[in-house]
Amino acid sequence: HEAGGKIVLQLWHTGRASHSDFHNGNLPLSASAIKIEGDEIHTPKGKKPYEVPKAMTFDDIKRTVQDYKKAAVNAKAAGFDGVEIHGANGYLLDQFLQDKSNHRTDEYGGSLTNRIRFLREVLEDSREEADGKAAIACRITINELLGEDGITRTEIEDTIGEIGEHPDLWDFVLGSWEDDSVTSRFGPEAEQEPYVRGLKDLTTKPVVGVGRFTSPDTMVHQIESGVLDLIGAARPSIAAPFLPR
């Protein structure tokens with residue numbers, strides 16, 4: 001703040017991407033009782049396989065919505081200028097959005113509108129609490145790089161069409177954390193542009209994106225060509241602190 005900057009706190013709930021070792025022996029929560037496939041997770045007691053999570057009850061969902069709202073209150077009280085609701089990268093809100101992890105048959109599962117409902121309620125309650133005094137951003141996965149087995153272009157377009165005006169800022173990311181944070185050895189600069197292009201037209205809210213940007217010219221091109229409104233550049237700014245200037 002002393003240097004004229006703004007700071008936003010990212011709020012996330014890992015859902016099934018966790019372990020009971022972190023929760024006093026209680027199972028992690030998720031949209032449905034479906035275990036993450038594949039890798040193990042590092043816990044305080046060593047490396048252990050993922051567990052079958054507990055499918056959230058209606059009360060679990062409502063309590064978690066209130067937890068997000070309380071977190072926004074705490075962030076504002078602590079001096080943050082806003083919060084970002086993390087609905088991407090396979091965490092809890094994303095687990096509700098994805099068909100493969102959400103097999104619910106109630107109002108939080110099935111149709112895309114139902115799978116969006118949890119995220120919509122978190123955004124609505126957080127914005128209500130912010131009351132114009134803090135920004136509410138939302139990070140969302142726009143493509144899981146899984147073809148028809150993941151979020152499709154049509155689904156993400158429909159999602160933005162339904163809740164495009166809910167946050168004050170959209171933060172678009174690609175695939176899993178590993179896909180989103182690919183290094184320069186394995187991914188070209190601005191590699192996410194083909195996936196992001198066109199989504200900004202579906203909302204009046206500003207859009208920020210990443211994509212391993214290292215060149216100011218490439219960053220400017222993203223803005224001038226209408227792909228993004230803002231550039232996310234944490235790692236290049238660490239490597240070259242004066243790059244944003």
Test salt bridge (Lys or Arg N to Asp or Glu O under 4.0 Å) applied to K54 and D60, step by step: CA-CA 10 Å; K54 173 195 171 188; D60 289 331; 3.0 Å; yes
Donor + acceptor pair across side chains of D81, H1 (<3.5 Å): yes
OG1-CD1 distance between T43 and I41, expressed to the nearest 0.5 angstrom: 8.0 Å
Test item: E107 and R117 side chains (from C-beta on) under 4.5 Å apart, heavy atoms: yes
Derivation of the side chain to side chain donor-acceptor pair (under 3.5 Å) call for Y108 and E121: CA-CA 11 Å; Y108 291 94; E121 291 178 354; 2.9 Å; yes
Distance (rounded to the nearest 0.5 Å) between I136 CD1 and R127 CZ: 8.0 Å
Flag side-chain contact, heavy atom, 4.5 Å: Q192 against V210: yes
Beyond-backbone contact of C138 with L123, side-chain heavy atoms, under 4.5 angstrom: yes
Side chain to side chain, W170 and V208, heavy atoms closer than 4.5 Å: no
Spatial distance of atom CG (L119) from atom CG (L97) [nearest 0.5 Å]: 6.0 Å
Plane angle bin for W12 and Y91 - parallel if under 30°, tilted between 30 and 60°, otherwise perpendicular: parallel
Within-4.5 Å side-chain heavy-atom neighbours: H86 and H13: no
Derivation and outcome, salt bridge (Lys or Arg N to Asp or Glu O under 4.0 Å), residues E162 and R120: CA-CA 9 Å; E162 285 205 32; R120 182 200 300 272; 2.9 Å; yes
Test item: L228 and M219 side chains (from C-beta on) under 4.5 Å apart, heavy atoms: no
Expected output: side-chain T152 to main-chain E155 donor-acceptor under 3.5 Å: yes
Atom pair OG (S126) and CG (D131), whose distance is rounded to the nearest 0.5 Å: 13.0 Å
Q95 side chain to N102 side chain, donor-acceptor N/O pair below 3.5 angstrom: no
Where A130 and A134 come nearest, the two heavy atoms and their spacing: CB-O, 3.4 Å
E51/R16 ion pair, N-O < 4.0 Å: no
